[in-house]
Asks: 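What follows is a structure written as structure tokens; I'll ask about it next.
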Number of protein chains: 2
Amino acid sequence: MKLKTSSPTISDVAKKAKVSIATVSRVINGKTPVVPETAERVHRAIKELQFVPRTAAQVLASRKTNTIGLILSEIGGAFFPHLLKGIEAETRTSGYELLIHSTQGAHDNQRKPLGEHNTDGLLVFTSSLSLDELGRLHDIQFPVVLMHQTPPREINVPVITIENKDGAVMLIDHLIEMHGRRQIVYMRGPEDHEDSEWRERGYREALEMHNIPINPNLIVTGGFDEEQSFAAMQKLIRDGIQFDAVFAGDDDAAIGAYRALKNAGRLIPDDVAVVGFDDVQFSRYLSPALTTVRAPIEEVGREAVRQLIRLLNGQQAQSLTLMRTEMIIRESCGCKFQEGTSLSKNI
Amino acid sequence: MKLKTSSPTISDVAKKAKVSIATVSRVINGKTPVVPETAERVHRAIKELQFVPRTAAQVLASRKTNTIGLILSEIGGAFFPHLLKGIEAETRTSGYELLIHSTQGAHDNQRKPLGEHNTDGLLVFTSSLSLDELGRLHDIQFPVVLMHQTPPREINVPVITIENKDGAVMLIDHLIEMHGRRQIVYMRGPEDHEDSEWRERGYREALEMHNIPINPNLIVTGGFDEEQSFAAMQKLIRDGIQFDAVFAGDDDAAIGAYRALKNAGRLIPDDVAVVGFDDVQFSRYLSPALTTVRAPIEEVGREAVRQLIRLLNGQQAQSLTLMRTEMIIRESCGCKFQEGTSLSKNI
DNA sequence: GCGCTTTCTGAAAGCGCTTACATAAGTATA
DNA sequence: TATACTTATGTAAGCGCTTTCAGAAAGCGC
């Protein structure tokens, strides 16, 4: 009866299988041919000893971490699970691990972020990484893929994002053409949020195409956040600004708008039509059900991983991938459906 | 002009600072005293070389990975972000990294799960880890904390879960006492789901306390899933089973119930009261707003990390932590609120 | 001034793997 | 049968750190 304090190492396996540790390594990694008979012995030894190779040792020796890092500013938010799901799935099927890091709240003092020292490549969502760091990674040619963020000119890094502008145009067109709205509020997202900027661009273009002048009073900041847009909408109402529709920037902001409008006794969509962006889970359950734009978030995640892996394999990656968006018409824009369908799936 | 192909190592720093690598290591880890002047030189060298220690080398040499693993069966689901947020935050503030692994879909062939080889300890959500593996980890005394799952007797591992039974009792009591309902359906979760079992126990106890016999016809399976509970509810209606209230098991199932009831022309809450469990984000936006039980998911995550870290530090951990639940009364039970408040926060 | 303790620093031995490189068979070629 | 390839395995040199151990330097009391 032998006592082993710590878990078995590769040499325990080698001893038991009567081979060298190199051979054990080879059967584990399966890259170099090993006589089936020998391999079988090794496998048995591994099984019996319940041997699992230390990741750190493998990483150190092979100089590849076999993991992908994901950096985002905040976990939570209605669309986060979708994104993560896509990323997770694609990462797994590609045989990589996933390390997640959120830069939420105050930037930690001493914590070193994800980078060359612990990942093979990085996925970065919106502007969760400083430009300095991004530049540094680019300088050392570390593989990075950006999601929903375009880097500065000099930093040439693949980007996956969605057709924000087209989505916004569809929405505004619909409000104008189908429902005759002309005084449409746009509630921006946070400062420097690229999605928000493109949506605003779409808003402006659509108005211009219909020869409707842009009224600066109708562009306010909702911060892609329920509370903030609630406040913004309240102020708009208090200030007596006239409007007959609201493009809320995203679905979270739409909820804030709903609350403010209902509190003020305005009927949605009769007095004011409201549209959102993202099609998060709850949108279809609002009453009235929210007209919005569906963004293929999960697919963004998958595609980002795919591109990153191309980079890891030394292949060329697509420098810009634009995912198509789709308008989801429900009731808040003024469209009518039969009674009871507001809760039905996907409508 | 010197070219360095790969990134600097600790000896580059040592050379530049004119100290030994041991000293560099010491100033990095800050555990052993170093003369301020020397430390300053080292810090400068680190800055200039942009040195970041390789995690793998540190892990290998120190035999601690400094990371915590999280295993769950599926990413996605309305309460996942909350859980992750709590875990993430607490992990960071404790100075650990977080590795996430979902066992969703078919169990991957060759992928080695999280374990001793790449983490210092594991967080396991519901039954996402096989009992075999759990037993093995327990045998080698590997730190593990379970969430929403009680292990078999012989495996003594800390558990964090919520007051499922109490929550259910509150709900059922409320339906009976405040709204006079007596024919209450319970829609179970998935097979072997511990949360579901406790909720059912609460359901039964509450009925018994009011001397209402349990009617087996009223206990059906909704699977904590919208589609499945939609189908189950439809069947119930088609079969002509009489009931005046539904305890949906969780909020996702409540949505399925809503749809089926509305399709059948039954009024909520007049004909049938509906209550859920979890208080996920969309619950308050349903119409009528859903009466449910709030589970402190984020806090479950935080607490799980705290307990795991106690284990990592060799301290005793709480073997069972039960988080209090709170009933959130809205409208779907039959309670009345003023017009327009259904969208207001937290009601 | 001399031994003693107390700090600080360096030398060097690993941590557990991967991977050239070397070697030993085995097979085909002439 | 000698020669040149193949192919399977072993040998050993790291990968880039942490940490033990020991020695040098500095402070202290007498």
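These numbers come from a predicted model, not from an experiment. Throughout, a chain's letter reflects where its sequence line sits, starting with A, and its residues are numbered from 1.
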Asks: With a 4.0 Å cutoff (strictly under), does any side-chain N or O of B:Ser62 reach OP1 or OP2 of D:dT18?
Replies: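 B:Ser62 to D:dT18 OP1/OP2: no side-chain N or O under 4.0 Å.
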
Asks: Checking contacts here: which listed nucleotide (D:dT9, C:dC8, D:dG16) is nearest the side-chain heavy atoms of A:Val34?
Replies: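 Within the option list, the nearest is D:dT9.
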
Asks: Any salt bridge between B:Arg136 and B:Glu116, counting N to O under 4.0 Å?
Replies: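 Here B:Arg136 pairs with B:Glu116 in a salt bridge, since their nearest N and O are under 4.0 Å apart.
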
Asks: Taking only side-chain nitrogens and oxygens of A:Ser20, does any of them come within less than 4.0 Å of OP1 or OP2 of D:dG10?
Replies: yes

Asks: Mind calculating the distance between CD (B:Glu116) and P (C:dG16) to the nearest angstrom?
Replies: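 In whole Å, C:dG16 P lies 13 Å from B:Glu116 CD.
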
Asks: Can you identify which nucleotide, out of D:dC17, C:dG16, C:dT18, has its nearest atom closest to the A:Gln58 side chain?
Replies: C:dT18

Asks: Nearest to the side chain of A:Pro53 - D:dT18, D:dC15, C:dC17?
Replies: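 Comparing D:dT18, D:dC15, C:dC17 against the side chain of A:Pro53, the answer is C:dC17.
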
Asks: Do any side-chain nitrogens or oxygens of B:Ser11 fall under 4.0 Å of OP1 or OP2 in D:dG16?
Replies: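 It does not, given that no N or O in the side chain of B:Ser11 lies less than 4.0 Å from OP1 or OP2 of D:dG16.
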
Asks: Which one, C:dG10, D:dT9, C:dC17, comes nearest to the side chain of A:Arg26?
Replies: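 That would be D:dT9.
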
Asks: B:Lys31 has an atom NZ; how far is it from atom P of D:dT19, in whole Å?
Replies: 10 Å

Asks: Taking the minimum atom-to-atom distance to the side chain of A:Val19, which one of C:dT9, D:dT18, D:dG10 wins?
Replies: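 Selected nucleotide (nearest to the side chain): D:dG10.
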
Asks: For A:Ile21, which contact category applies under a 4.0 Å heavy-atom criterion: base, sugar-phosphate, or nothing?
Replies: base

Asks: Take the protein atom CG of A:Leu60 and the nucleotide atom C1' of D:dG14, then report the distance between them rounded to whole Å.
Replies: 9 Å

Asks: Between B:Glu194 and B:Thr150, do the side chains contain an N or O donor and an N or O acceptor separated by less than 3.5 Å?
Replies: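 Present: a donor and an acceptor within the cut-off.
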
Asks: Measure from CZ on B:Arg41 to P on C:dT9 and round the result to the nearest Å.
Replies: 9 Å

Asks: If you check every side-chain atom of A:Ser25, which of C:dC8, C:dT18, D:dC17 has the closest atom?
Replies: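 Among C:dC8, C:dT18, D:dC17, the one nearest the side chain of A:Ser25 is C:dT18.
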
Asks: Which one of A:Ile10, A:Asp12, A:Val42 satisfies the side-chain contact (heavy atoms from CB on, under 4.5 Å) criterion with A:Phe51?
Replies: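 Looking at A:Ile10, A:Asp12, A:Val42, the match for A:Phe51 under the side-chain contact (heavy atoms from CB on, under 4.5 Å) is A:Ile10.
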
Asks: Find the distance A:Lys64:NZ to D:dG16:C1' and express it as a whole number of Å.
Replies: 18 Å

Asks: In Å, rounded to the nearest 0.5 Å, how long is the span from CZ of A:Arg306 to CD1 of A:Ile309?
Replies: 9.5 Å

Asks: Out of D:dT18, D:dG16, C:dC17, which nucleotide sits closest to the side chain of B:Arg54?
Replies: D:dG16

Asks: For A:Lys15 and C:dG16, what is the distance between atoms NZ and P respectively, to the nearest whole Å?
Replies: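 About 12 Å, once rounded to whole Å.
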
Asks: Output the rounded distance in Å from CD1 (B:Ile10) to P (C:dA11).
Replies: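 Interatomic distance, CD1 of B:Ile10 to P of C:dA11: 14 Å.
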
Asks: How large an angle, rounded to 10°, do the end axes of the helix from C:dG1-D:dC30 to C:dA30-D:dT1 enclose when each is built from five base pairs?
Replies: 40°

Asks: Send over the distance from B:Ile28 CD1 to D:dG16 P, rounded to a whole Å.
Replies: 14 Å

Asks: Kindly say if A:Thr23 contacts the phosphate of D:dT9, meaning a side-chain N or O under 4.0 Å from OP1 or OP2.
Replies: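 The answer is no; no side-chain N or O of A:Thr23 sits under 4.0 Å from OP1 or OP2.
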
Asks: Establish whether the base of C:dG14 is bridged to the side chain of B:Arg63 by a donor-acceptor pair shorter than 3.5 Å.
Replies: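 Answer is no: no donor-acceptor pair is held.
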
Asks: Would you please say whether a donor-acceptor pair under 3.5 Å links the side chains of A:Ser102 and B:Arg92?
Replies: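 No, B:Arg92 and A:Ser102 have no side-chain donor paired with an acceptor closer than 3.5 Å.
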
Asks: Can you label the angle between the B:His148 ring and the B:Phe125 ring as parallel, tilted or perpendicular, going by 30° and 60°?
Replies: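 Ring orientation, 0 to 90° scale: tilted.
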
Asks: Of all the nucleotides listed (C:dA11, D:dA12, C:dG16), which has the minimum atom distance to the side chain of B:Ala22?
Replies: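 The nucleotide sitting nearest to the side chain is C:dA11.
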
Asks: Counting side-chain heavy atoms from CB outward, which of D:dC15, D:dG16, D:dT9 is closest to A:Ala61?
Replies: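 Looking only at heavy atoms from C-beta outward on A:Ala61, the closest nucleotide is D:dC15.
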
Asks: Does any non-hydrogen side-chain atom of A:Val24 lie less than 4.5 Å from one of A:Val19?
Replies: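 SC-SC contact between A:Val19 and A:Val24 confirmed.
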
Asks: With a 3.5 Å cut-off and no angle check, do the side chains of B:Ser128 and B:Thr126 form a donor-acceptor pair?
Replies: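 Result is no, nothing qualifies.
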
